Amino acid sequence: KTIKDKKVSQSVGAHATPLYPAPVSDFSSLAPRYRISKALLRNIKDNGYSTTTEVQLAALPILLDTRAHLLAQEQSKAQQQQQQQQQQEEEPILDVDLLSIAPTGSGKTLAFMIPLIHALVLARRSQAPSGPQAIILAPTKELASQIANEGRKLALNTAVRITNVRKGMHLGSDPSPDADAPGKEVPPVKADILVSTPAALKNAIGDVDTTSHALSQIRFLVLDEADVLLDPLFRDQTLAVWNALSSPSLRLGFWSATMGSNIEELVKATIKNRAARLSETSST
Ligand code: ADP
Ligand code: MG
């Protein structure tokens, strides 16, 4: 779908600036294009992945590249230099929201997991661990556990820690008293990426104190099987987790095998919302 979109975007307008970076056909070519950590590349290889699937070849460059870099093509040299300098300082990686529709079995897990691990490897280089920065939601325990396992294999020997959230886990920054064993304290989970069902995550956060709760550092929210997460059975819980995230720079990833009306509505509303917020901030 993205590849088709690429042609469309290139044929629109007089200066047909490509809005999407070139597809990547094998994982080893990620190394010269993006500063992917050696450990991550080795893990990809060791797990038997060499050529990318269709969704990966389109989504990986979009997520690994930066908007700043792409937009720079349209700007003056001076602006570009300034931007490159800023880029080196801030590493604005994974600075896009993405909606990706690709069939079951097409390799969506790797397509969102690799850029996420890459972004967090970079983040961990410049700052000490400060609580979870990414949440991946999946509709079932089994799926969440599979995603966490896949993620851990890819994050082996990197600083990035992935936790599969289960009911009863505690995500606060302080130890909490264990209700079943009074006097005993449950240590908080230390992780960069949380993989969870919406219900288990809500349970693990407990009462959401909007100013200082455990999810205040979350910058990335991935909805895997977004069609299911947004169907009537899960919708309220999914939105409750989303609404608990307060970061103004929250980035969203919707991944699904089908483009249902539930996703379309939400994506449209989100875009509208963000546009409104952008015009608010630019007018002040
Ligand atoms: P989806 O989420 O799109 O349904 P998965 O991410 O679960 O698909 O991947 C389906 C299967 O394909 C998994 O067993 C995974 O290991 C495998 N796979 C993913 N990407 C590749 C690749 N580039 N090369 C070979 N196998 C892959
Ligand atoms: Mg999947």
Side-chain angles (χ1 to χ4, degrees), residues 1-5 21-34 36-37 39-64 94 97-119 134-156 158 160 162-165 193-201 220-231 233-235 237-238 241 252-260 262-263 266-267:
K1 180 163 196 307
T2 337
I3 305 225
K4 251 200 257 153
D5 285 350
V24 60
S25 58
D26 55 276
F27 290 103
S28 57
S29 59
L30 292 176
R33 262 166 77 175
Y34 310 105
I36 303 283
S37 87
L40 175 53
L41 272 175
R42 183 167 319 119
N43 297 336
I44 292 170
K45 219 172 142 194
D46 287 353
N47 281 286
Y49 305 122
S50 54
T51 57
T52 52
T53 65
E54 223 173 317
V55 65
Q56 291 161 3
L57 73 84
L60 285 171
I62 291 173
L63 293 173
L64 290 167
L94 242 182
D97 300 312
L98 187 77
L99 165 63
S100 174
I101 311 291
T104 303
S106 61
K108 293 191 286 296
T109 316
L110 239 60
F112 61 71
M113 199 54 99
I114 290 172
L116 210 49
I117 293 172
H118 174 60
I135 291 174
I136 299 169
L137 289 183
T140 66
K141 275 197 282 192
E142 293 71 24
L143 250 171
S145 144
Q146 275 170 28
I147 296 166
N149 286 339
E150 182 84 35
R152 282 195 207 102
K153 285 192 226 161
L154 293 168
L156 198 73
T158 71
V160 175
I162 298 170
T163 291
N164 183 15
V165 178
I193 301 176
L194 303 172
V195 189
S196 182
T197 63
L201 193 69
F220 307 116
L221 175 64
V222 172
L223 303 188
D224 192 23
E225 312 259 343
D227 50 345
V228 184
L229 284 172
L230 294 171
D231 82 12
L233 197 60
F234 294 98
R235 190 184 172 89
Q237 292 171 328
T238 301
V241 171
L252 303 163
F254 298 88
W255 299 80
S256 177
T258 56
M259 176 71 172
N262 47 4
I263 298 185
L266 197 69
V267 168

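Atoms within each ligand, like the ligands themselves, are counted from 1 in listed order. Source: prediction; values computed, not measured. Sequence positions, counted from 1, serve as the residue numbers for this chain.
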Flag the pair [X] / [Y] as yes when at least one side-chain heavy-atom distance between them is below 4.5 Å, and no otherwise.
{"X": "Leu60", "Y": "Phe27", "value": "yes"}
{"X": "Ile62", "Y": "Pro21", "value": "yes"}
{"X": "Leu221", "Y": "Leu137", "value": "yes"}

Between Thr158 and Ala39, what is the shortest heavy-atom contact and its length?
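That closest heavy-atom pairing would be CG2-CB, 3.9 Å.
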Single hit among Ile136, Thr163, Ile135 for side chain to side chain contact (heavy atoms under 4.5 Å, CB included) with Ile193:
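Among Ile136, Thr163, Ile135, the one that satisfies the side chain to side chain contact (heavy atoms under 4.5 Å, CB included) with Ile193 is Ile136.
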Enumerate the salt bridge (Lys or Arg N to Asp or Glu O under 4.0 Å) contacts for residues 97-108, please, sequence neighbours excluded, ordered by first and then second residue.
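The answer is Asp97-Arg251, Asp97-Arg274.
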List, for ligand 1, each N/O atom that has a protein N/O partner under 3.5 Å away, with both atom names and the distance.
from, atom 1, to, atom 2, distance (Å)
ligand 1, 3 (O), Ser106, N, 3.2
ligand 1, 3 (O), Ser106, OG, 3.4
ligand 1, 3 (O), Gly107, N, 3.1
ligand 1, 3 (O), Lys108, N, 3.0
ligand 1, 3 (O), Lys108, NZ, 2.9
ligand 1, 4 (O), Gly105, N, 2.6
ligand 1, 6 (O), Lys108, N, 3.4
ligand 1, 6 (O), Thr109, N, 3.0
ligand 1, 6 (O), Thr109, OG1, 2.6
ligand 1, 8 (O), Gly107, N, 3.1
ligand 1, 16 (O), Tyr49, OH, 2.8
ligand 1, 20 (N), Gln56, NE2, 2.8
ligand 1, 23 (N), Thr51, O, 2.8
ligand 1, 23 (N), Gln56, OE1, 3.0

